[in-house]
Amino acid sequence: MIQLNNLSAGYSGNPVIQNVTMKFTPGKVTVLLGPNGSGKSTLLKAALGLLPPMGGEVLYDGVDIRQLKRRQIAQKAAFLTQSRNTPSIQALRMVLHGRFPYLTYPRHYGRQDYAIARSAMNATGSLQHEDTNVLQLSGGQRQSVYLAMALAQDTLTVFMDEPTTYLDISRQFQVMQTAHTLALEGKAVVLVLHDLSLTLREADCIAVFQEGRMLCHDTPDSVYQSGILEQVFGVSVHRMNTPHGIQYYCTRKEV
């Protein structure tokens, strides 16, 4: 399990997140919410050791992340980044990059690596593109391939920074279904999202950030009831019972 204790981190000596304490629980889908620039992506990078702590600590199963090698971290936590360069490479070969933490150099993929990669592509709906160059795929199709690469890493924690970007509504639902499937397998799944309605409907836990501080970390119902979303985002959040369960929607806040 990954735990943050009074974590502060940022860039060029300037903290972006301050004194954040939370843990990412196996079997749960945790969503980080907050306005642009509130520190969500910075938190993910610090939790992965991509940014050194400016204060506090990051623990992986009780061990300070500063004592772990990059390969050890990569065997425990996968990361689907928000932005990335797109290489000219076959989709399956791209997904196989997720197996790097388990291979020595020079890398030789085994039968198991191919099986895990194809299983990950099947889970994200991208298996039909395994022989296609990533540059020839649409933005949504590329996103599905990169998600498959993260899943192929086969870690107990999966971090996803805005994984629904570029995806149509059907694939957004598929991403959330994949997140819940991973949680049912005992993994801790952490996502940065901007869709309040999707988050309230699908998350197990929600952490709300503003100006680098975590204001609350609770269940969707408790977060909704607290009114914190209206305070942070300046919108009115509503919910209603439907034949398909409780649904949430947002409207412009009346002045």
Contacts table for residues 41-52: side-chain donor-acceptor under 3.5 angstrom, sequence neighbours left out:
| unit_1 | atom_1 | unit_2 | atom_2 | d |
| --- | --- | --- | --- | --- |
| Ser41 | OG | Asp161 | OD1 | 3.3 |
| Ser41 | OG | Asp161 | OD2 | 2.7 |
| Thr42 | OG1 | Tyr11 | OH | 3.2 |

Apply side chain to side chain donor-acceptor pair (under 3.5 Å) to Arg66 and list each qualifying residue two or more places apart in sequence or on a separate chain. Asp64

Apply side-chain contact (heavy atoms from CB on, under 4.5 Å) to residues Lys40 and His194 and explain how you reach the verdict. CA-CA 11 Å; Lys40 305 180 298 298; His194 284 288; 3.8 Å; yes

Atom CD in Gln177, atom OG1 in Thr124: separation rounded to 0.5 Å? 13.5 Å

How close do Arg118 and Leu127 get, counting heavy atoms only, and between which atoms? O-CD1, 3.9 Å

Donor-acceptor contact below 3.5 Å, side chain Lys187 vs main chain Thr155: yes

Any link between Val16 and Leu215 through a network of hydrophobic side chains (Ile, Leu, Val, Met, Phe, Trp, Tyr) touching at under 4.5 Å? no

For Gln172 and Leu167, which heavy atoms make the closest approach, and how far apart are they? NE2-O, 3.0 Å

Validation row: Gln210, Gln231 side chains within 4.5 angstrom (heavy atoms): yes

Charged N to carboxylate O below 4.0 Å: is that the case for Arg239 and Asp221? yes

Do Tyr102 and Met121 belong to the same hydrophobic cluster, where Ile, Leu, Val, Met, Phe, Trp and Tyr are linked whenever their side-chain heavy atoms lie under 4.5 Å apart, directly or via other members? no

Just so I know, are the side chains of Leu229 and Tyr224 near enough to count as touching, which here means a heavy-atom distance under 4.5 Å? no

Which heavy atom of Met22 sits nearest a heavy atom of Ala207, and at what distance? CE-CB, 4.0 Å

Pairs involving residues 5-16, ordered by first then second residue, that meet salt bridge (charged side-chain N to carboxylate O under 4.0 Å, His left out) (sequence neighbours left out): none

Straight-line distance of Gln136 CD to Arg142 CZ, nearest 0.5 Å: 9.5 Å

Determine, using the 4.5 Å side-chain heavy-atom cutoff (strictly less than), whether Met214 and Ile228 are members of one ILVMFWY cluster. no

Just so I know, are the side chains of Glu230 and Ser236 near enough to count as touching, which here means a heavy-atom distance under 4.5 Å? yes

Ser222: side chain to side chain donor-acceptor pair (under 3.5 Å) partners, not counting sequence neighbours: Thr219

Side-chain contact, heavy-atom cut-off 4.5 Å: Cys216 with Val223? yes

Under 3.5 Å donor-acceptor, Gln153 side chain and Ala74 backbone: yes

Validation row: Val192, Glu162 side chains within 4.5 angstrom (heavy atoms): yes

Indicate, with yes or no, if Ile17 and Ile206 share a hydrophobic cluster defined by side-chain heavy-atom contacts under 4.5 Å among Ile, Leu, Val, Met, Phe, Trp and Tyr. no

CD (Glu211) with more than 12 external heavy atoms under 6.0 Å: no

According to ring pair (Phe, Tyr, Trp, His ring centres under 6.0 Å), does anything in residues 19-68 pair up with another residue at least two apart or in another chain? List the pairs. Phe24-Phe159

Taking a hydrophobic cluster as the set of Ile, Leu, Val, Met, Phe, Trp and Tyr residues connected by side-chain heavy atoms closer than 4.5 Å, whether directly or through intermediates, do Val31 and Met1 fall within one such cluster? no

Minimum heavy-atom distance Met160-Val189, with the two atoms named: CE-CG1, 4.1 Å

Point-to-point distance, once rounded to the nearest 0.5 Å, from NE2 of His180 to CG of Leu184: 8.5 Å

Within the side chain of His217, is there an N or O that forms a donor-acceptor pair under 3.5 Å with the backbone of Thr21? no

Shortest non-hydrogen contact between Tyr146 and Pro87, atoms and distance: OH-CD, 3.4 Å

Can you name the closest pair of heavy atoms from Pro220 and Cys205 and give their distance? CD-N, 4.5 Å

Begin with the C-alpha distance, continue with both residues' side-chain angles, and end with the deciding distance and a verdict on side-chain contact (heavy atoms from CB on, under 4.5 Å) for Thr181 and Glu185. CA-CA 6 Å; Thr181 298; Glu185 294 173 356; 3.9 Å; yes

Find out whether Val190 and Ile2 are in side-chain contact, i.e. whether some heavy atom of one side chain is under 4.5 Å from a heavy atom of the other. no

Between Asn5 and Gly56 (side chain of the first, backbone of the second, donor and acceptor by atom type, cut-off under 3.5 Å), is there such a pair? no

Heavy-atom check, side chain of Arg213 versus side chain of Asn19, under 4.5 Å: yes

Can Leu151 and Leu182 be said to form a side-chain contact (heavy atoms from CB on, under 4.5 Å), step by step? CA-CA 9 Å; Leu151 300 189; Leu182 294 172; 3.4 Å; yes

Counting N and O atoms only, with roles assigned by atom type, does the side chain of Thr242 sit under 3.5 Å from a partner on the main chain of His244, one being a donor and the other an acceptor? yes

Distance col, row Ser144:OG vs His129:NE2, nearest 0.5 angstrom, shows 7.5 Å

Given side chains that start at C-beta, do those of Glu202 and Val29 come closer than 4.5 Å, heavy atoms only? no

Please report, to 0.1 Å, the donor-acceptor pairs under 3.5 Å made by any side chain of residues 91-100, with sequence neighbours excluded.
| unit_1 | atom_1 | unit_2 | atom_2 | d |
| --- | --- | --- | --- | --- |
| Arg93 | NH1 | Tyr114 | OH | 3.0 |
| Arg99 | NE | Asp113 | OD1 | 2.9 |
| Arg99 | NH1 | Ala152 | O | 2.9 |
| Arg99 | NH2 | Asp113 | OD1 | 3.4 |

Ignoring hydrogens and geometry, is there a side-chain-to-backbone donor-acceptor pair from Asn133 to Gln90 under 3.5 Å? no

Value for OG1 (Thr164) from CD (Gln174), rounded to nearest 0.5 Å, stands at 13.0 Å

As an exercise, state the distance from CE of Met149 to CZ of Phe79, rounded to the nearest 0.5 Å. 11.0 Å

